[in-house]
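FYI, side chains are in, hydrogens and waters are out, and symmetry mates aren't considered; it's all heavy atoms of this structure.
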Amino acid sequence: MQTVTHHGRETAYRRWFRGDPDDAGPTVLFVHGSGGSHGVWKSQARLASEFPVVAVDLSGHGESDDVNADPGGEALAAYVDDVVAVARETDATILVGNSLGGAVVMTLALERDLALDGLVLTGTGARLSVLEDLLVWLEEDFERAIEFLHEPDHLFHDPDERDLELSKETMEAVGGAVTSRDFQTCHRFDVRGEVGDIDVPTLAVVGEYDQLTPKHYHEYLADTMPACTVTVVDDAAHLAMLEQPEAFNDAVEEFLSSI
């Protein structure tokens, strides 16, 4: 892992590239969702033969320092700071965000001065309301929250057992306080009035069975953003990049070749 220091904290990230440095495509920066880490993008490292791939640990996740921030706009701004710092350090111009990571990416595109060539928004939406029971479980019964999120067609549709365990272990390692902050931040996120101002080429990717951020969330993005299209990944739910990595990677590669 590499780190970049900003705003008094260190943000960790991992970089992969196996191609010819003289023929490298744009650097693509992947941003995980609530209670996650850069490890959710392990299968996207396969794309590193085509272009540089970077995956970040947001503050308080994985190997990154935590930040003292309240849920909502304050935490979201801190996560955007993390991504801006890593993007500048690695010259990333394509941002890929899953769930909370999508909220981070959209906020960055709307509010920050960072040159962008494209966005991939997966398992996310312009508004990310969270089930009230889940918000309570995250505060009072973290194990119940983890089990709920790993029920069929939430994070996964029909996962490999190793990916299921990795997801649970990652959330447990991040812990209840940070994971709750993440979901509360999602619950307060709403850029429906602004998302149409994002005019960079965008791909919205949704798992066929995703009940957390269903297809119509992504269709809304395509209908509202001037340069956004939708791709559905079959036989996957919220974490399509883990559950169906070949289909997900193919969609990203096709999108990048078109911009």
Problem - Residue pairs involving residues 82-101 (criterion ring pair (Phe, Tyr, Trp, His ring centres under 6.0 Å); sequence neighbours excluded) - result: none
Determine all donor-acceptor pairs shorter than 3.5 Å in which one atom belongs to a side chain in residues 125-145; sequence neighbours excluded.
unit_1	atom_1	unit_2	atom_2	d
Glu139	OE2	Ser180	OG	2.6
Glu139	OE2	Gln184	NE2	2.9
Asp141	OD1	Arg144	N	3.2

Exercise for the section: List in chain and number order the residues that pass side chain to side chain contact (heavy atoms under 4.5 Å, CB included) with Glu74, two or more places apart in sequence or in another chain; answer none if no residue qualifies. Expected result: Ala69, Asp70
Problem - Qualifying residues under side chain to side chain contact (heavy atoms under 4.5 Å, CB included), relative to Asp65, sequence neighbours excluded - result: Arg9, Glu10
Handout entry: Salt bridge Lys168-Glu172, side-chain N to carboxylate O under 4.0 Å
Key = no
Handout entry: Member of Val54, Val104, Leu116 meeting the side-chain contact (heavy atoms from CB on, under 4.5 Å) criterion with Leu95
Key = Leu116
Exercise for the section: Under the side-chain hydrogen bond (donor to acceptor under 3.5 Å, both in side chains) rule, collect the residues that match up with His32, sequence neighbours excluded. Expected result: none
Problem - side-chain hydrogen bond (donor to acceptor under 3.5 Å, both in side chains): pairs with one or both residues in residues 111-120, sequence neighbours excluded - result: Asp81-Arg112, Thr93-Asp117
Practice task
Determine whether more than 12 heavy atoms belonging to other residues, nucleotides or ligands lie under 6.0 Å from atom CD of Glu253.
Solution key: yes
Practice task
With sequence neighbours excluded, tell me which residues meet side-chain hydrogen bond (donor to acceptor under 3.5 Å, both in side chains) with His216.
Solution key: none
Practice task
Just grab all the ring pair (Phe, Tyr, Trp, His ring centres under 6.0 Å) pairs involving residues 180-214, residues at least two apart or on different chains.
Solution key: His157-Tyr209
Problem - Asp234 side chain to Gln244 side chain, donor-acceptor N/O pair below 3.5 angstrom - result: no
Fill in the blank from the handout: Those residues at least two apart in sequence (or on a different chain) that pass side-chain hydrogen bond (donor to acceptor under 3.5 Å, both in side chains) with Asp57 are His38
Exercise for the section: Could you tell me which residues satisfy side chain to side chain contact (heavy atoms under 4.5 Å, CB included) with Thr122, sequence neighbours excluded, listed by chain and number? Expected result: Trp41, Asn98, Val205, Met241, Phe248
Exercise for the section: Any chance you could pull the hydrophobic cluster mates of Val206, using side-chain heavy atoms under 4.5 angstrom and chaining through other members? Expected result: Val230, Val232
Practice task
Please step through side-chain contact (heavy atoms from CB on, under 4.5 Å) for the pair Leu47 and Val28, ending with a clear verdict.
Solution key: CA-CA 10 Å; Leu47 296 169; Val28 184; over 6 Å; no
Exercise for the section: Using the rule that two of Ile, Leu, Val, Met, Phe, Trp, Tyr join whenever any of their side-chain heavy atoms come within less than 4.5 Å, decide whether Leu100 and Val195 are in one cluster. Expected result: yes
Exercise for the section: Please check if Phe255 and Phe51 belong to a single hydrophobic cluster, counting links between Ile, Leu, Val, Met, Phe, Trp and Tyr side chain heavy atoms closer than 4.5 Å. Expected result: yes
Problem - Qualifying salt bridge (charged side-chain N to carboxylate O under 4.0 Å, His left out) pairs with a residue from residues 198-208, counting only residues at least two apart or across chains - result: none
Exercise for the section: Apply ring-ring contact (aromatic ring centres under 6.0 Å, His included) to the pair Phe156 and His238, showing each step before the final yes or no. Expected result: CA-CA 6 Å; Phe156 296 100; His238 195 61; 9.6 Å; no
Practice task
Determine whether Thr124 and Tyr217 make a side-chain contact, defined as any pair of heavy atoms from C-beta on separated by less than 4.5 Å.
Solution key: no
Problem - Check: Asp91/Thr27 side-chain N/O donor and acceptor closer than 3.5 Å - result: no
Problem - Minimum side-chain heavy-atom gap Pro52-Trp16 below 4.5 Å - result: no
